[in-house]
Amino acid sequence: MTDRHIFPDHTTLVFRSLRGLVASHPYLSLIPSLKVVYRADHDPSKVSLICGGGSGHEPGTVGHVGRGLLSASVAGDVFASPSARQVGAAIKKVHSEKGVILIITNYTGDNLHFGLARLMAQSEGIKNVELVVVGDDVSVPRSRGNMVGRRCLAGITLVCKILGAGSEANMEFQNLVDLGRSLSTNTASICVALDHCHVPGRSGEWHIEEGRVEIGLGLHNETGVFNIAAPPPEELIKQLLDLLLKQDDPERSFVKFKDGDDLVLLVNNQGGLSALEMGAVVDEVLNQLESRSIIPVRILSGPFMGSMNMPGISLSLLNLSNVQSACSGFIKSTSELLDLLDAPHNSPAWPATSQMYPIPEALKRRKREDQFTEVEKEKEEEEVETDGPKLLVDGDQIRKAMKTAADDVLALEPQLTRWDTIVGDGDCGETCALGAKGVLKALDKGLGSDGDLVKLFRILTQVIDDSMGGTLGAIFSIFLAGLTTSLIQAAASSSPNQTIDPKFFGQQVESALETLKQRTAARVGHRTVMDALIPFGETLAQTGDLQKAVEACKKGGEGTVQLEAKLGRATYVGDSAKDKDGNGMPPDPGAMAFVTVAEGILKALR
Ligand SMILES: Nc1ncnc2c1ncn2[C@@H]1O[C@H](COP(=O)(O)OP(=O)(O)O)[C@@H](O)[C@H]1O
Ligand SMILES: O=C[C@H](O)COP(=O)(O)O
């Protein structure tokens, strides 16, 4: 697969691509600053459906916005989930009297960011906001993925289409939620690739070796669960169908199939396979299904939910019979589900086998600039004056510490990318660099110069939430939000001459960790950023010695090389990330990013 691109820099790619998408589809509008694509003819009397996640999966899911399908889709950077603020803006833009369903991929970043957006919407009085988390992949063995559940592949697009048609047909909110969850439970998918995809601007080793294929990849270039010598096409398809259909594999058999079930087959182009080869794949899959006495009731093929330019496919089988039994209270036959799958729509990317709704005249005549809207500009945090209690420290020192930490994280970007390419999806370096650049920009605007810690952390939380997507962005945002709350409480309850020493700060960090622990199940030993963050906070609170806290943090971060992942993307990788000599995995990139922050602070304050 090629690493040549017309746009070799990914930083403006998503934004430009969304502008291009809406330009050729007059019924779509875009909030450029928040990368939210939404139906210009949104109907608030029907249940709203919002999907989204990292970019790079096009046409999914921005290409599935339109009448009869999604109300909106929220785009993050390449392979990194959007922030809770972006999702929150989408919830408000396509508000509904009946409720909003957030259909999300079962990856940690999306769970955290969309989950937070849901909580924020509820706290603002928006009722009926529910998550439908889709996990359809069958490749990761149960014993390895038990804490994270099945991850998401192209099956999510079937959920979007069926729920979209259900919403258009005025189905009730809770029925749609139940239906969405059942569709996810009853879909089995598997991905195979001849090579990994290349993300513009990313360097480092990313190829699958010549003559080999990987089976069981995630949507984001995650290393396949199996790396095998490339078999002939018939053998390859047989292996994929076995993984989907076998009923006696204790580590898999996620979806029950029995003779006579009504199944939908989705053959998804992962992005880089020719349409000619796709046709042949469909033919071979159907031949082999027929020899297993399976005749799908509907066959869909084409690009649905991909991984940039990855030469590969995913196969999905959705068992409509199981879904009908699970939802028998409101779905009387599998043909009702098929009708929803076949119902008209108005999205750019669902295959033209279904009918299209006509485009409203007023939307046809819109000028290009009319398609771009903005949410009301929020006041820049720096401009917000608060008269609440302050916690004053030496502003110059704290600014120096933040600058050193941000510079060091920027310098670590290539290393983080290398590690995350092995154990994750390769975006951790970019995510951290975006956060560091956000901090440097805020420092240029004067962040921290008045020395008020409360204000500083309030702004820093916003900066990190806005600039960092992905799991790490969510984890840092929640941690910083918790720290800000704790500092506000401390400022309110302490005397004006409260000593703000490392011990005092450590106590606030410990309290922020408690907030964070409510949002993630990760603890020490699970091979995540928590392996560095928890020892740092605990040691600082106990000893009041920053150097000791940084040492504990470093020990925890570096110690992750020995650990088997229990949470996050590294869970999917298992032994396959070991090098040719059988050596273990690199350290956890998120943990090492935090170690760098902690070391940077210590270096500057010493
Ligand atoms: N459930 C979790 N809780 C806390 N941290 C996690 C969790 N899952 C992953 N992480 C951390 O997130 C880091 C990856 O961040 P990032 O690249 O933003 O995530 P993503 O895999 O979503 O692209 C990992 O190195 C790990 O430290
Ligand atoms: O494309 C990325 C997914 O939507 C979310 O992944 P994440 O866990 O990296 O944020």
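Just so it is clear, the model here is predicted, and its values are computed rather than measured. In listed order, ligands and their atoms are each counted from 1.
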Novice: Heavy atoms only: which of D588, I478, L472 lies closest to atom 15 (O) of ligand 1?
Specialist: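 The residue whose heavy atom sits nearest atom 15 (O) of ligand 1 is L472.
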Novice: Can T187 and S316 be counted as having a side-chain donor-acceptor contact under 3.5 angstrom?
Specialist: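 Distance-only check fails for T187 and S316.
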Novice: Can you check whether C197's main-chain N or O pairs, donor with acceptor, with N221's side chain at less than 3.5 Å?
Specialist: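 Such a contact is found between N221 side chain and C197 backbone.
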Novice: Check whether any heavy atom of H113 sits under 4.0 Å from an atom of ligand 2.
Specialist: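 The answer is no: ligand 2 sits nowhere under 4.0 Å from a heavy atom of H113.
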Novice: Under 6.0 Å between the ring centres of H57 and F304?
Specialist: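 They do not qualify: ring centres at least 6.0 Å apart.
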Novice: Would you mind checking which non-hydrogen protein atom is closest to atom 2 (C) of ligand 2, with the distance to 0.1 Å?
Specialist: H220 NE2, 2.9 Å
Novice: Applying a heavy-atom cut-off of 4.0 Å, say which part of C428 lies close to ligand 1: side chain, backbone, both or neither.
Specialist: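 C428 to ligand 1: contacts from backbone and side chain alike.
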Novice: Among G473, C152, G109, which one puts a heavy atom closest to atom 8 (O) of ligand 2?
Specialist: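 Checking each option, the heavy atom nearest atom 8 (O) of ligand 2 is found in G109.
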Novice: Please tell me whether H10 and H5 form a close aromatic pair, meaning their ring centres lie under 6.0 Å apart.
Specialist: no
Novice: Counting non-hydrogen protein atoms only, what is the nearest one to atom 7 (P) of ligand 2? Give residue, atom name and distance.
Specialist: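 The closest one turns out to be R569 NH2, 3.0 Å.
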Novice: Using a 4.0 Å heavy-atom cut-off, say whether L219 meets ligand 2 through its side chain, its backbone, both or neither.
Specialist: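 Neither part.
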Novice: Backbone or side chain, does any N or O of S55 fall under 3.5 Å from an N or O of ligand 2?
Specialist: no
Novice: Side chains of S189 and D137: do they bring a donor and an acceptor to under 3.5 Å?
Specialist: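 Absent: no donor and acceptor within the cut-off.
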Novice: For E214 and H196, which I'm curious about, is there any donor-acceptor pair between the side chains at under 3.5 Å?
Specialist: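 H196 and E214 do have a side-chain donor-acceptor pair below 3.5 Å.
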Novice: Taking atom types as modelled and ignoring hydrogens, do the side chains of T528 and H526 form a donor-acceptor contact shorter than 3.5 angstrom?
Specialist: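 No donor-acceptor contact under 3.5 Å links the two side chains.
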Novice: Could an N or O of ligand 2 be found under 3.5 Å from any N or O of Y107, whether backbone or side chain?
Specialist: no
Novice: Backbone, side chain, both or neither: what part of V423 comes under 4.0 angstrom of ligand 1, heavy atoms only?
Specialist: neither
Novice: With distance as the sole test, does T520 use its side chain to make a donor-acceptor pair with the main-chain N or O of K517 at under 3.5 Å?
Specialist: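 Side chain of T520 to backbone of K517, a donor-acceptor pair under 3.5 Å: no, none is there.
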Novice: Nearest protein heavy-atom contact for atom 4 (O) of ligand 2: which residue, which atom, what distance?
Specialist: D110 OD2, 2.5 Å
Novice: Among D77, T528, N111, D427, which residue places a heavy atom closest to atom 23 (O) of ligand 1?
Specialist: D427
Novice: Roughly how far, to the nearest 0.5 Å, is SG of C432 from NZ of K437?
Specialist: 12.0 Å
Novice: Using a 4.0 Å cutoff against the non-hydrogen atoms of T471, which atoms of ligand 2 qualify?
Specialist: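 Numbered from 1, ligand 2 contributes 8 (O), 10 (O).
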Novice: Applying a 4.0 Å heavy-atom criterion (strictly less than), which segment of T105 is in contact with ligand 2: side chain, backbone, both, or neither?
Specialist: side chain
Novice: Quick check: does G54 get an N/O under 3.5 Å from an N/O on ligand 2?
Specialist: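 There is such a contact, yes.
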